[in-house]
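Notes follow once the structure below has been shown.
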Amino acid sequence: MEIAFWILSAITVIGAILAITMRNLVHCVLSLILFFLGIAGHYLLLRADFLFAVQVLIYIGAVAVLILFAIMLTRHVTGTEGPREVLGGKWWAGMGTAVIIAGLLWAIIRKDPLAAMLPAGMASTSVTEIGRALVADWLVPFEAMGVLLTAALIGAVVIALEEVIRKR
Amino acid sequence: MNVSLDHYLMLSAFLFAIGLCGALSRKNAIIVLMGIEIMFNAGILNFVAFWHYKYFAVLTAQMFAIFAISIAAAESAIGLALVIAVYRHYQSIDVDEMRSLKG
């Protein structure tokens with residue numbers, strides 16, 4: 001349990017760091033997939049089997065492929081660049097903010113009375129239970145999510161095709 | 001030493017900081033979106049960790065995680081469509097060059 005946690009944490013953190021520091025965009029996406037896999041492993045370790053499947057299907061199967069398509073469609077950016085080209089202006093302000101936020105969160109968690117809490121239970125939730133809950137207690141949010149996803153789908157197509165529509 | 005809720009909160013805070021660093025300091029709009037995805041995942045990991053350690057009997061945290069993942073997917077679709085629209089307009093996806101709100 002502990003060894004699995006540390007290995008998965010190492011995979012996750014290394015994946016995240018590589019995803020935002022590498023020069024080549026395709027390598028960044030591959031590191032991001034490593035990060036998503038690490039998070040999926042954590043879900044499995046936390047006994048959330050359904051979320052593990054959702055993470056692999058949606059993040060690795062859909063989001064990563066979507067990002068790869070976006071990289072393909074925006075050319076001239078896949079090549080390697082010099083270090084000055086990669087970081088934006090005032091990058092030190094961004095990094096400083098991230099360090100301050102990390103320190104603050106660390107201090108808050110150190111003070112937390114929840115610190116030494118151990119697992120409440122070990123049985124995993126069945127997919128049947130989640131499915132029942134989705135169409136019973138959570139029906140309205142579930143339907144709203146369907147509407148939101150449809151709106152996002154149409155919106156994405158309209159935004160991406162805007163210039164083409166205007167030219168006609 | 002057992003793995004406690006603390007470990008997950010620390011890991012999640014660290015991942016959030018990494019994502020924030022990527023979103024704020026990189027120049028490429030696609031990497032900025034990837035940083036936002038990393039922050040989303042750190043938040044969702046917190047939901048699942050709290051569910052595992054404290055509220056195991058109720059499904060609320062898992063439902064929130066599922067809805068958060070759906071919203072993150074919708075967000076990334078819209079974000080990447082915007083990146084493509086911006087690229088078509090400016091011929092670049094450098095966030096430092098996007099200075100004008102005029103279409």
Side-chain angles (χ1 to χ4, degrees), chain A residues 1-2 5 9 12-13 16-17 19-20 25 28 32 35 39 42-43 46-48 51 54 58 62-63 66-67 70-71 73-74 77 86-89 91 94-95 97-98 101-102 105-106 109 114-121 125 129-130 133 138 141 145 148-149 152 155-156 159-160 162-163, chain B residues 1-7 9-11 13-22 24-28 30-31 33-35 37-38 41 45 48-49 51-57 59 62-63 65-67 69-74 76-78 80-85 87-89 93 95-96:
Chain A
M1 178 84 181
E2 293 104 89
F5 172 82
S9 298
T12 314
V13 170
I17 290 176
I20 62 157
L25 275 179
C28 286
L32 193 71
F35 163 77
I39 293 277
H42 273 301
Y43 290 161
L46 288 167
R47 311 269 163 166
L51 282 179
V54 165
I58 294 186
V63 173
L66 201 64
I67 294 175
I71 291 171
L73 289 174
T74 54
V77 289
V86 170
L87 294 167
W91 56 272
M95 283 188 187
T97 312
I101 293 275
L105 287 174
W106 186 77
I109 295 166
L114 298 166
M117 191 165 282
L118 289 174
T125 326
E129 259 178 82
I130 293 174
W138 297 85
M145 190 55 64
L148 175 79
L149 283 175
I159 291 169
E162 200 190 4
E163 302 274 316
Chain B
M1 190 176 75
N2 258 317
V3 179
S4 65
L5 179 58
D6 231 22
H7 288 83
L9 295 184
M10 290 281 187
L11 172 69
F14 194 52
L15 290 174
F16 186 88
I18 295 173
L20 189 68
C21 181
L24 291 180
S25 61
R26 285 291 296 249
K27 208 173 171 185
N28 193 312
I30 293 176
I31 307 274
L33 278 172
M34 281 165 58
E37 290 297 328
I38 292 173
N41 270 281
L45 185 64
V48 184
W51 169 76
H52 184 74
Y53 283 97
K54 203 156 194 287
Y55 302 101
F56 201 76
L59 275 174
Q62 282 220 29
M63 290 300 156
I66 291 168
F67 289 130
I69 289 174
S70 319
I71 289 175
S76 70
I78 294 288
L80 291 169
L82 277 173
V83 166
I84 289 170
Y87 175 74
R88 210 171 268 150
H89 192 78
I93 50 170
V95 286
D96 285 346

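Proteins come first, then strands; the chains are lettered A, B, ... in the order of their sequence lines, and each starts at number 1. Predicted model only: the values in this text are computed from it and were never measured.
Here OG1 of Thr97(A) is found 5.5 Å from CG of Leu24(B). Values are rounded to the nearest 0.5 Å. The structure places NE2 of His42(A) at 4.5 Å from CG of Leu11(B), a figure rounded to the nearest 0.5 Å. One distance of note links OH of Tyr43(A) with CG of Leu45(B); it measures 5.5 Å at 0.5 Å rounding. Atom-to-atom distance recorded for Thr74(A):OG1 and Asn28(B):CG is 7.5 Å, nearest 0.5 angstrom. Rounded to the nearest 0.5 angstrom, Leu105(A) CG and Phe14(B) CZ are separated by 12.0 Å. In this structure, Ile17(A) CD1 and Ile18(B) CD1 are separated by 4.0 Å, a value rounded to the nearest 0.5 Å.
Under the 30°/60° scheme for interplanar angles, the aromatic rings of Phe67(B) and Trp138(A) are found to be tilted.
Ranked by heavy-atom pairs under 4.5 Å with chain B, the list Leu51(A), Val54(A), Ile101(A) is led by Leu51(A).
With a threshold of 4.5 angstrom between heavy atoms, Val48(B) approaches chain A through its backbone and through its side chain. Both the backbone and the side chain of Leu66(A) come within less than 4.5 Å of a heavy atom in chain B. Looking at Ala62(A), neither its backbone nor its side chain comes within 4.5 Å of chain B, counting heavy atoms on both sides. Only the side chain of Met63(B) comes within contact range of chain A, with heavy atoms under 4.5 Å apart. For a residue to count as touching a neighbouring chain, one of its non-hydrogen atoms must lie under 4.5 Å from one of that chain's; by this rule Leu15(B) touches chain A with the side chain only. Looking at Ile38(B), both its backbone and its side chain come within 4.5 Å of chain A, counting heavy atoms on both sides. Looking at Leu32(A), only its side chain comes within 4.5 Å of chain B, counting heavy atoms on both sides.
With contacts defined as side-chain heavy-atom distances shorter than 4.5 Å, the pair Cys28(A)/Ile31(B) qualifies. Side-chain contact between Asn41(B) and Phe35(A) is present, with at least one heavy-atom pair separated by less than 4.5 Å. Counting heavy atoms from C-beta outward, Ile30(B) and Ile71(A) have side chains that approach closer than 4.5 Å.
Looking at residues two or more places apart in sequence or on another chain, you find no side chain to side chain donor-acceptor pair (under 3.5 Å) involving Glu37(B). With sequence neighbours excluded, the residues satisfying side chain to side chain contact (heavy atoms under 4.5 Å, CB included) with Met10(B) are Trp106(A), Ile109(A), Arg110(A).
Between the side chain of Arg47(A) and the main chain of His52(B), no donor-acceptor pair closer than 3.5 Å is present.
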